[in-house]
There are 2 protein chains.
Amino acid sequence: MQKNKKRQIKKSRQILLDNNIPITKPRMLVLGILLKNEGPLKVEDIIKLSRGKLAVSSMYRIINNLKNLNLINEFQTLENTKMIELADVKDEHHHHIFCESCGAVYDFEVDSHIEKELEKEIIKIKSKYDIIVKSHSLELLGLCKTCRDK
Amino acid sequence: MQKNKKRQIKKSRQILLDNNIPITKPRMLVLGILLKNEGPLKVEDIIKLSRGKLAVSSMYRIINNLKNLNLINEFQTLENTKMIELADVKDEHHHHIFCESCGAVYDFEVDSHIEKELEKEIIKIKSKYDIIVKSHSLELLGLCKTCRDK
DNA sequence: TATTATTTGAGAATGATTCTCATTCCTGAA
DNA sequence: TTCAGGAATGAGAATCATTCTCAAATAATA
């Protein structure tokens, strides 16, 4: 998977260039970790995966950086654990499933016609509450396969 | 509104009786605050509204109590502020709107046909991911009227 | 390569939440 | 109504995640 790694480095670099942020080792490291591990990660996971190559304070700073540039999404699990994931570059809209037993988090997408229905409904809600809606997310709570089988 | 208050006390008491929890002053106080102030409250708000009649540690304990009994819902705002609200006894399903500027949180409901569509979609997701889904929630993010007008 | 502003690392500081344990308070039995 | 025993509470210490501070290291740029 050497090739894959090179692609990740290239991509990380490109993300930073595109956003006019200096390319530094810590930033490349965090982006690399997020690119390599698809789907949401705990802060704790990122710290582990960086294997001491990154100060905890720097990691928080970098995460906040990337969040402000909308390059990553942040959300909370049921147990209030903060989860971090790269914002979907392709802009596919996805939602989250939380397992209330083991705390696992999965992304999912809904049928495009449901997305459209949701968007129509959101337009109604906008006018009803007289607000601007910038984004939406459907969150499911339940039991994953593994926990259900226990 | 004396009458209203009595109704609240009665209701708080009933909630505790129904759930076989001893009726204590601190629990009545927390329930009273949640019943009186419809919609989500910050932990901080509950502390203020209890005006020193309740130890902070007790308040957290009581909130966790009620949460474990599914009597209250807990969720996070954008700024990661924990919000507490009484679970809807009538079991009307509601969702949340977050204002990303001032942090306000509002509840809303969607048309029943959308709820039905969502439920159908969730059944599909259940089988696709082979999970048990216990609840769902739609979260909107945007700007409230006041912040928009600024 | 030298300059300068920016970023980083390390640990202190903060803030929210949980824990501990002595005291107080409910509840159910007499 | 009183009492005993178990459960809940208050106060503050302890913990945990996150942010802050500032001297040292690093990146962009000329």
Inset, instruction - In sequence, state the C-alpha distance, the side-chain angles, and the governing distance for Leu17(B) and Arg13(B), and then conclude on side chain to side chain contact (heavy atoms under 4.5 Å, CB included). - result: CA-CA 6 Å; Leu17(B) 284 174; Arg13(B) 184 177 292 274; 4.2 Å; yes
Legend entry - Verdict with supporting geometry, Leu69(A) and Ile21(A), side chain to side chain contact (heavy atoms under 4.5 Å, CB included): CA-CA 10 Å; Leu69(A) 292 161; Ile21(A) 319 171; 3.1 Å; yes
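A distance of 12.0 Å separates CD1 in Ile84(B) from CD1 in Ile33(B), rounded to the nearest 0.5 Å.
For the pair Asn20(B) CG and dG6(D) P, the computed distance is 19 Å after rounding to whole Å. A straight line from CG of Asp45(A) to P of dA17(D) spans 12 Å, rounded to a whole angstrom. Atom P of nucleotide dA16(C) and atom CD1 of Ile46(B) are separated by 14 Å, given to the nearest angstrom. Atoms CE (Met28(A)) and C1' (dT8(C)) sit 16 Å apart, rounded to a whole Å. Taking atom NZ of Lys42(A) as the reference point, atom P of dA17(D) lies 11 Å away to the nearest angstrom. Atom CD1 in Ile63(A) sits roughly 8 Å away from atom P in dT18(D) (whole-Å rounding). Taking atom CZ of residue Arg27(A) and atom C1' of nucleotide dG9(C), one finds them 14 Å apart after rounding to whole Å. Rounded to a whole Å, the NZ atom of Lys48(A) is 11 Å from the P atom of dA17(D).
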Legend entry - nucleotides 18-30 of chain C: protein proximity per nucleotide (B base, S sugar-phosphate only, - neither; heavy atom, under 4.0 Å): BBB-----SS---
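Between Leu49(B) and Leu29(B), every side-chain heavy-atom pair lies at or beyond the 4.5 Å cut-off.
In terms of modelled atom types and a separation under 3.5 Å, the side chain of Asn19(A) and the main chain of Ile15(A) share a donor-acceptor contact. No donor-acceptor pair closer than 3.5 Å links the side chain of Asn65(A) to the backbone N or O of Ile62(A). Judged purely by atom type and a 3.5 angstrom limit, Arg27(A) uses its side chain to pair as donor or acceptor with the backbone of Pro22(A).
Remark: His96(A) pairs with Glu85(A), Asp107(A) by the side chain to side chain donor-acceptor pair (under 3.5 Å) rule, at least two apart or across chains.
Closest of all the heavy-atom pairs between Ile63(A) and Ile72(A) is O-CD1, 3.3 Å.
Rounded to 10 degrees, the angle between the two end axes of the helix from dT1(C)-dA30(D) to dA30(C)-dT1(D) is 40°, with five pairs used at each end.
Counting any heavy atom pair closer than 4.0 Å across all strands shown, Lys53(A) reaches sugar-phosphate atoms only and no base atom.
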